[in-house]
Amino acid sequence: MIALALLGGILLWHRQVNDGKPADYTGFAMSTLITQSAYGEKAAEAEIELQRRLQGFENRLSMFINESDVARLNAAAGKTPVQISKETMRLLKRGLELSQSSEGAFQLTIAPVTQLWGITTDHPQVPSDTELTQALALVDDKDLILDEAAGTAYLRREGQAVDLGGIAKGAACELARETYEEYGVSGAVLSIGGNIYVKGEKPGGKLFKIGFRDPTKSESSYLASFQMRDSVLAVSGGYERYFEQNGIRYHHIIDPATGYPAESDIVSVGVFSVDGTTADFMSTTLFVWGRARTLDYMRRADSCDVIFLDDKGMLYVSESLRPSFALEETHQNTPVTFIAREGAL
Ligand code: AMP
Ligand code: MG
């Protein structure tokens, strides 16, 4: 049965569970399309509840929503600490821990630069060098001060600002895990702007198959696929959001070393982790790092698995993903190199 549901002013498609089919739900939040497909008696309810929670999540974290924790934090930069919710505190704390491990490539305080470019807004522009130099001088995660006991966050210098765009979608996957568990969902696939969370499996024990996009083709064209369960796949690529000016393409992942879109030799990178925030952080960071450092990471890292496509059309895949990995029929000629962890058998 197909019914139209109106929620939070958004028109959504919603199909009830019947005949062992999943309940499907399409919504919009965090400037992106969100699709859910879930199994379980209360799957449809879980999906509506998750959509509601995602809206609340965005209302707390978006730098574009005036009353959000993050917008208030940014507006009070250099002036006064602001009270933030427990959830925002948790995410900022986790974000800071992660950004420290990126050696400068990932900065929560990148906002002065991303706001100048406005790539995710309706009015993108190429900033002047002077503007960029000024904005870059404000980017420093060491200036984000969290006081857990007081429940406050503070940015030391006026003009500084936080942009959680690099981890928010992955963090939202954790909200999905909690919600699905509460509602006894046995299996589900959630896609938030191409970041995928898979919970459990299909009825009968079949695993969900998840595609890794061919960025040169349409959104439904896949290079490869994976059998996945209880994991998040976060994907970053310069093709996701960009604008063009004088024949040059400017995308949304900024290299904090230059203030310009990262000139990466990676076209698209996907990171698998049980922890959505980590996966999202890592995919953005690996894109900025580029091929050589990403390969090095794949040999060393113990918590994340990686797939990436480089600018020469080569696909690199963590060895541990090999059993669940398959090239799509249309891409059988793509050269694939599996990368093993050092010390692994
Ligand atoms: P993702 O799509 O997860 O790779 O994240 C890209 C988003 O993260 C951008 O739209 C910005 O909001 C934000 N961002 C861009 N560059 C950086 C960076 N170097 N560090 C942290 N966040 C960034
Ligand atoms: Mg990310």
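Counting starts at 1 for both ligands and their atoms, in listed order.
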Side-chain ion pair, [X] and [Y], N-O less than 4.0 Å:
| X | Y | result |
| --- | --- | --- |
| Asp305 | Arg341 | yes |
| Glu45 | Lys42 | no |
| Asp140 | Lys142 | yes |
| Asp265 | Arg291 | yes |

* Asked: Mind counting the protein N, O or S atoms sitting less than 2.8 Å from the Mg ion (ligand 2)?
  -> 4
Compute the centroid of each ring, for [X] and then for [Y], and state whether the two points are separated by less than 6.0 Å.
| X | Y | result |
| --- | --- | --- |
| His251 | Tyr260 | no |
| Phe281 | Phe106 | yes |
| Phe272 | Phe226 | yes |

* Asked: Are Leu295 and Leu321 connected in a single hydrophobic cluster, I mean Ile/Leu/Val/Met/Phe/Trp/Tyr linked by side-chain heavy atoms less than 4.5 Å apart?
  -> no
* Check the side chains of Thr179 and Arg53 for a donor-acceptor pair under 3.5 angstrom, ignoring hydrogens and angles. => yes
* To do: For ligand 1, would you mind listing the residues that have at least one heavy atom less than 4.0 Å away, ordered by chain and number?
  => Ala105, Phe106, Gln107, Ile110, Thr120, Asp163, Gly165, Gly166, Ser236, Glu240, His252, Ile253, Ile254, Pro256, Asp280, Thr284
